[in-house]
Each structure stands twice: as structure tokens, then as C-alpha cells.
Protein chains: 2
Amino acid sequence: MAKKVKNSRPKVVIVLAKRIKQIIIGQQLVQKNVAHDAGIDVENLRKYIKGTQEMKIGMLLRISKSLGVTMSELLRDIEKDIE
Amino acid sequence: MAKKVKNSRPKVVIVLAKRIKQIIIGQQLVQKNVAHDAGIDVENLRKYIKGTQEMKIGMLLRISKSLGVTMSELLRDIEKDIE
DNA sequence: AAATAATCGGTTGTATATAACCGATTATTT
DNA sequence: AAATAATCGGTTATATACAACCGATTATTT
């Protein structure tokens, strides 16, 4: 049995991913453009959107900017969504 | 000539470090305790405080919690300090 | 229906985070 | 002044981020 339960991202990563996705959908952004604006490959952005890849602070800044929101806005009250 | 100019952390890392330090000083927190609460070695916390080490989102959450602030508060308007 | 774009889960290789630890130095407490 | 704690810049080893890319599948556009 392939026991590849490797989906153990911190919950904050998962919730952040959902928020990024909501912004993209809500503002009808195009992922390819968001990725380009953030200076990353769209396939890699997708991993952040799906929550399968955690990011560092520098990347959070790049992505939040390309989404047109501040990091603070992106993370507002996220602690409530995590517990 | 030892040309080790390796201090090229993203500016956001540097500014975040200053903010963490300000909170610790302002609230007269003890680094050793902050580190313990965050579940990290105090020497490693120091690197975040000095801005010599970038962190991932999960670590940001741990440290912000041990500082007694939310990530959103910690990052408020940080874009203005970076530019 | 065919063409095109988006999505998905994956890969490799390099850079970097993280945990744990260290000795020397500086700062604070006794 | 001596003892103790904090700071600093460093280390090693392992885990993981990131860039770049991929083929197959799904979704959308033509």
C-alpha cells in the first residue's frame, strides 16, 4: 500500500491558499497574469493556490502585491480560521 | 579579499526583523521565553530578530503568536517601510 | 468537434529554512 | 570583580522552497 500521506502542510498554508484563490476568483484575476506579476512560473503559483507548497515571507510579499492586496489584508484574522 | 557580501536578504525580512525586535523591547519580553513559546531555539530566533534569516509562513505564525500579536498586526503597512 | 488554454500532480537541481549546537564576546546581575 | 546571562556569527545535517519544466487531463474557446 502506497502510504504517501505527505499532505502535512501547516494549516496556515492551507487557509492562506484558500484566501489567495478567493481573491483571484473574486476579482476575476487571471492566474497567468498574477504569476507573471509576481515573477513566478504559473505552475508554481498554482501550488500556493492549492496549498501544496508553503512560501517564505519574500514570496508572500510578491504574491500579495500581484493580487493587489497588502500582506496584512491577506492575513487578516487568519488565526481564527486556523484553530 | 574576502568578498562575502551575503547580506542580501529581502528588505521585507529586514523590516520584519526590526518590528519583531521592537515588540520584544516594547513589551519587555524575554527572547528566551519568546523562543520557547514559539518552539524554537533562541539562537535561531535571534537570526529572525537580526534579519539574517528569512522565515516561512508557518514560522511567522509561531513567532507572532509567541509575541502576542497576529500576523496581520505584525505586517501592517509594512509595504510602506519597504519601498 | 477541434483547437486552445487551464489545471493537475509530478520531476530535477540549486538555494535556503530549520533544528541543534558552538565558542567568543558583550552585557547584566550578583 | 566575579558570576551569570545574553548576544553574536558561526557550524552541520536534514528538510523544504523555488525555478523551471513536463505530460496527461480537464475546461474553455473557437
Side-chain angles (χ1 to χ4, degrees), chain A residues 1-67 71 74-75, chain B residues 1-67 71 74-75:
Chain A
M1 293 292 103
K3 212 170 150 103
K4 297 194 178 175
V5 187
K6 297 196 64 170
N7 203 10
S8 60
R9 298 299 174 206
K11 187 66 185 295
V12 66
V13 174
I14 311 292
V15 177
L16 176 59
K18 287 178 182 158
R19 290 177 170 220
I20 294 175
K21 186 168 183 180
Q22 281 168 2
I23 292 174
I24 290 177
I25 294 176
Q27 298 188 22
Q28 293 175 319
L29 302 175
V30 180
Q31 286 183 15
K32 186 160 55 170
N33 294 337
V34 173
H36 177 265
D37 293 343
I40 65 174
D41 187 277
V42 66
E43 297 305 337
N44 295 326
L45 175 66
R46 286 202 176 104
K47 292 182 173 66
Y48 296 125
I49 295 174
K50 285 191 67 67
T52 56
Q53 176 64 64
E54 188 173 356
M55 69 181 77
K56 300 188 302 194
I57 301 299
M59 182 59 77
L60 178 68
L61 178 65
R62 289 159 66 181
I63 293 179
S64 63
K65 282 193 168 183
S66 70
L67 292 174
M71 291 192 282
L74 191 54
L75 296 171
Chain B
M1 291 292 103
K3 211 169 151 108
K4 296 192 177 176
V5 188
K6 298 195 65 169
N7 205 11
S8 60
R9 298 300 175 205
K11 187 68 186 291
V12 65
V13 174
I14 311 291
V15 177
L16 176 59
K18 287 176 181 160
R19 290 179 170 219
I20 294 175
K21 184 168 184 178
Q22 281 168 3
I23 291 174
I24 290 178
I25 294 175
Q27 297 186 22
Q28 294 174 320
L29 302 175
V30 180
Q31 287 183 16
K32 185 158 60 170
N33 293 337
V34 174
H36 178 265
D37 293 343
I40 64 174
D41 186 275
V42 66
E43 298 305 339
N44 294 327
L45 174 65
R46 287 203 173 102
K47 293 185 174 65
Y48 296 126
I49 295 175
K50 286 191 65 67
T52 56
Q53 176 64 60
E54 187 172 357
M55 69 183 75
K56 302 189 299 192
I57 300 299
M59 182 61 75
L60 178 68
L61 178 65
R62 288 160 66 181
I63 292 179
S64 63
K65 280 193 168 182
S66 68
L67 292 174
M71 292 193 283
L74 191 53
L75 296 171

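In what follows, chains are A, B, ... by sequence order, proteins preceding strands, each numbered from 1. Just so we're clear, the structure is a prediction, and the values are computed from it rather than from any experiment.
- A straight line from CD1 of I57(A) to C1' of dA15(C) spans 17 Å, rounded to a whole angstrom.
- Distances shown here put every side-chain N or O of Y48(A) at or beyond 4.0 Å from the OP1 or OP2 atom of dA17(D).
- Phosphate contact (OP1/OP2 of dA17(C), side-chain N/O of R62(B), threshold under 4.0 Å): absent.
- K47(A) comes within 4.0 angstrom of a base, heavy atoms only.
- Contact between the side-chain N/O atoms of Q31(B) and the OP1/OP2 oxygens of dA6(D) is not found at any separation under 4.0 Å.
- In this structure, the CG atom of L45(A) is 12 Å from the P atom of dC18(D), given to the nearest Å.
- For dG9(C), one of the phosphate oxygens OP1 or OP2 lies less than 4.0 angstrom from a side-chain nitrogen or oxygen of K50(A).
- The separation between M59(A) atom CE and dA17(D) atom P is 11 Å, rounded to whole Å.
- Counting non-hydrogen atoms under 4.0 angstrom, E43(B) reaches a base of the nucleic acid.
- Closest non-hydrogen pair, L74(B) versus S64(B), comes out as CD2-CB, 4.0 Å.
- Note that the two end axes of the helix from dA1(C)-dT30(D) to dT30(C)-dA1(D) enclose an angle of 60°, each drawn from 5 base pairs, rounded to 10 degrees.
- The distance between atom CG of D41(B) and atom P of dC8(D), rounded to the nearest whole Å, is 15 Å.
- Contact annotation: K32(B) side-chain N/O to dA6(D) OP1/OP2 distance is under 4.0 Å.
- Using a 4.0 Å heavy-atom criterion, one finds that Q53(B) contacts the bases of the nucleic acid, with or without backbone contacts as well.
- Going from atom CD1 of I40(B) over to atom P of dA17(C) covers 13 Å, rounded to whole Å.
- Taking atom CG of N33(B) as the reference point, atom P of dA5(D) lies 13 Å away to the nearest angstrom.
- Rounded to an integer number of Å, the gap from CG of N44(B) to P of dA15(D) is 16 Å.
- Rounded to an integer number of Å, the gap from CZ of R46(B) to P of dT25(C) is 17 Å.
- Between V42(B) and L60(A), the one whose closest nucleotide on DNA chain D sits nearer the 5' end is V42(B).
- With hydrogens and angles disregarded, a donor-acceptor distance shorter than 3.5 Å links the side chain of R9(A) to the backbone of T52(A).
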